[in-house]
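What follows is a short report on a single structure.
First the proteins, then the strands, lettered A, B, ... as listed; each starts at 1.
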There are 2 protein chains.
Amino acid sequence: MAKMQKEYNLSKNQQIVFDIIERSSEPVKAYSILYNVKKKGIKAPPQVYRALEKLIKLGKIHKVESKNAFVACKSSNCEISKATAFSICEICEKVTEIANNKLSNFLNSFEDKSGMKYKKYNLEFFGLCKKCKKT
Amino acid sequence: MAKMQKEYNLSKNQQIVFDIIERSSEPVKAYSILYNVKKKGIKAPPQVYRALEKLIKLGKIHKVESKNAFVACKSSNCEISKATAFSICEICEKVTEIANNKLSNFLNSFEDKSGMKYKKYNLEFFGLCKKCKKT
DNA sequence: AACAGTATGTAATAATATAACATTTGAAAG
DNA sequence: CTTTCAAATGTTATATTATTACATACTGTT
Ligand SMILES: [Zn+2]
Ligand SMILES: [Zn+2]
Ligand SMILES: [Zn+2]
Ligand SMILES: [Zn+2]
């Protein structure tokens, strides 16, 4: 019920785009989304990019900057914090959102030398996932 | 002397591209570089992108992913670690590389739940710089 | 000289993203 | 119910970022 409520305010295009991303097991690229929603009547890049922009604002998806691709948020408190962290495998390219309090607490309270604090961050970790480490 | 040595092995195009980036007070975009080196005989995107790729590998520059732009490395140990952190002002867009041992130690030793460790990361912090906070 | 590895030059094209403008929709207020 | 305003949509064109592919040249080493 809580879940349904969250999605009530998604518009038609936003919902279509979100569904694609949420169902994917890997980050989805904008033009891959576009290709996949042609049958649903979305024909042009701006329609996709506008939906993406709104979904990011709502915290329902994130952009993985190093890949120019989009993933659904799994942790559900990113909406407020705008703070994201990802684990990216350098071989199989698997991307996982990291939800780790120690990490987020550390980064949210981080102050640089000048005393500057940050309300928002994006962190991308690169390494080898379990599977790829074995081989 | 140490500094000169480091730059000995840059090729002609690599040095030209590096100079542009190093002299800039802000992140430089690939096509801005291209425009600025036309007079020096570099005419086509691949020449710039190849130089950028090599300079990144050497740790002499970094890509600021959220901006698709490039900055010269200030901290000189990134070559080994491939670990970068930036502070980005959301108003004036000023970008600064963060060199902070507490931060880098924390991230270099970070382990996620699965026990996965990472040899490489990119972190981008967003906030307001001193100047912009005042106004 | 022969070789291997790195770098360069060049043309074409792919992939990612935005600008600009007209139109429609949907909820809220009167 | 209709006026109104913000959000969302549709559409065309274009801007920006990045790579492929292939030919050539330079570098240091055997
Ligand atoms: Zn999230
Ligand atoms: Zn993997
Ligand atoms: Zn650096
Ligand atoms: Zn600023």
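Of the side-chain N and O atoms in A/Asn13, one or more sit less than 4.0 angstrom from OP1 or OP2 of D/dG10. Between A/Tyr49 and C/dT18, a side-chain N or O to OP1/OP2 separation shorter than 4.0 Å is absent. For the OP1/OP2 pair of D/dT9 and a distance below 4.0 Å, the side-chain nitrogens and oxygens of A/Ser11 include at least one atom meeting the criterion. The shortest distance between the side-chain N/O atoms of B/Lys63 and the OP1/OP2 oxygens of D/dT17 is not below 4.0 Å. One finds no side-chain N or O of A/Lys57 lying less than 4.0 angstrom from the OP1 or OP2 phosphate oxygen of D/dA7. When the side-chain nitrogen and oxygen atoms of B/Lys12 are compared with OP1 and OP2 of C/dT6, none of them lie within a distance under 4.0 Å. At D/dT11, one or more side-chain N or O atoms of A/Lys43 fall inside 4.0 Å of OP1 or OP2 (strictly under the cut-off). Look at A/Lys54 and you won't find any side-chain N or O under 4.0 angstrom from OP1 or OP2 of D/dA7. Side-chain nitrogen and oxygen atoms of B/Gln47 include none within less than 4.0 Å of the OP1 or OP2 phosphate oxygen of C/dT8.
The side chain of B/Pro45 sits closest to D/dT19 out of D/dT9, D/dT19, D/dA13. When each of C/dT16, C/dT10, D/dT17 is scored by its nearest atom to the side-chain atoms of A/Asn68, the top-ranked nucleotide is C/dT16. Taking only side-chain atoms of A/Ala44, from C-beta outward, the nucleotide of D/dT9, C/dT10, D/dT12 with the closest atom is D/dT12.
Counting any heavy atom pair closer than 4.0 Å across all strands shown, B/Lys67 reaches no nucleic acid atom.
To the nearest angstrom, P of D/dT9 lies 12 Å from CD of A/Glu53. Taking atom OH on A/Tyr35 and atom P on C/dA14, their separation rounds to 16 Å, with Å as the unit. The interatomic distance linking A/Glu65 (CD) with C/dA15 (C1') rounds to 16 Å, in whole Å. Atom P of nucleotide C/dT6 and atom CG of B/Leu55 are separated by 16 Å, given to the nearest angstrom. The distance from atom CG of B/Leu52 to atom P of D/dA18 is 9 Å, rounded to the nearest whole Å. One can place NZ of A/Lys29 at 4 Å from P of C/dT16, the figure rounded to the nearest angstrom. Between A/Arg50 atom CZ and D/dG10 atom P the separation is 8 Å, expressed in whole Å. Taking atom CD of residue A/Gln15 and atom C1' of nucleotide C/dG26, one finds them 17 Å apart after rounding to whole Å.
The 12-atom threshold is exceeded at NZ of B/Lys133, counting heavy atoms of other residues, nucleotides or ligands nearer than 6.0 Å.
B/Lys119 places no side-chain N or O within 3.5 Å of a backbone atom of A/Leu128 that could act as its donor or acceptor partner.
When side chains are defined from C-beta on, A/Arg50 does not count as touching A/Asn13, because their heavy atoms never get closer than 4.5 Å. Residues B/Lys94 and B/Lys131 form no side-chain contact, since every pair of their non-hydrogen atoms from C-beta on lies 4.5 Å or further apart.
Stacking between B/Tyr31 and the base of D/dT17 is present: ring centres sit under 5.5 Å apart and the planes differ by under 30 degrees.
Annotation: side chain to side chain contact (heavy atoms under 4.5 Å, CB included) contacts of B/Lys63 (sequence neighbours excluded): B/Ile56, B/Glu65, B/Asn68, B/Phe70.
Grouping the Ile, Leu, Val, Met, Phe, Trp and Tyr side chains by contacts below 4.5 angstrom, directly or via other members, places B/Tyr118 with A/Leu107.
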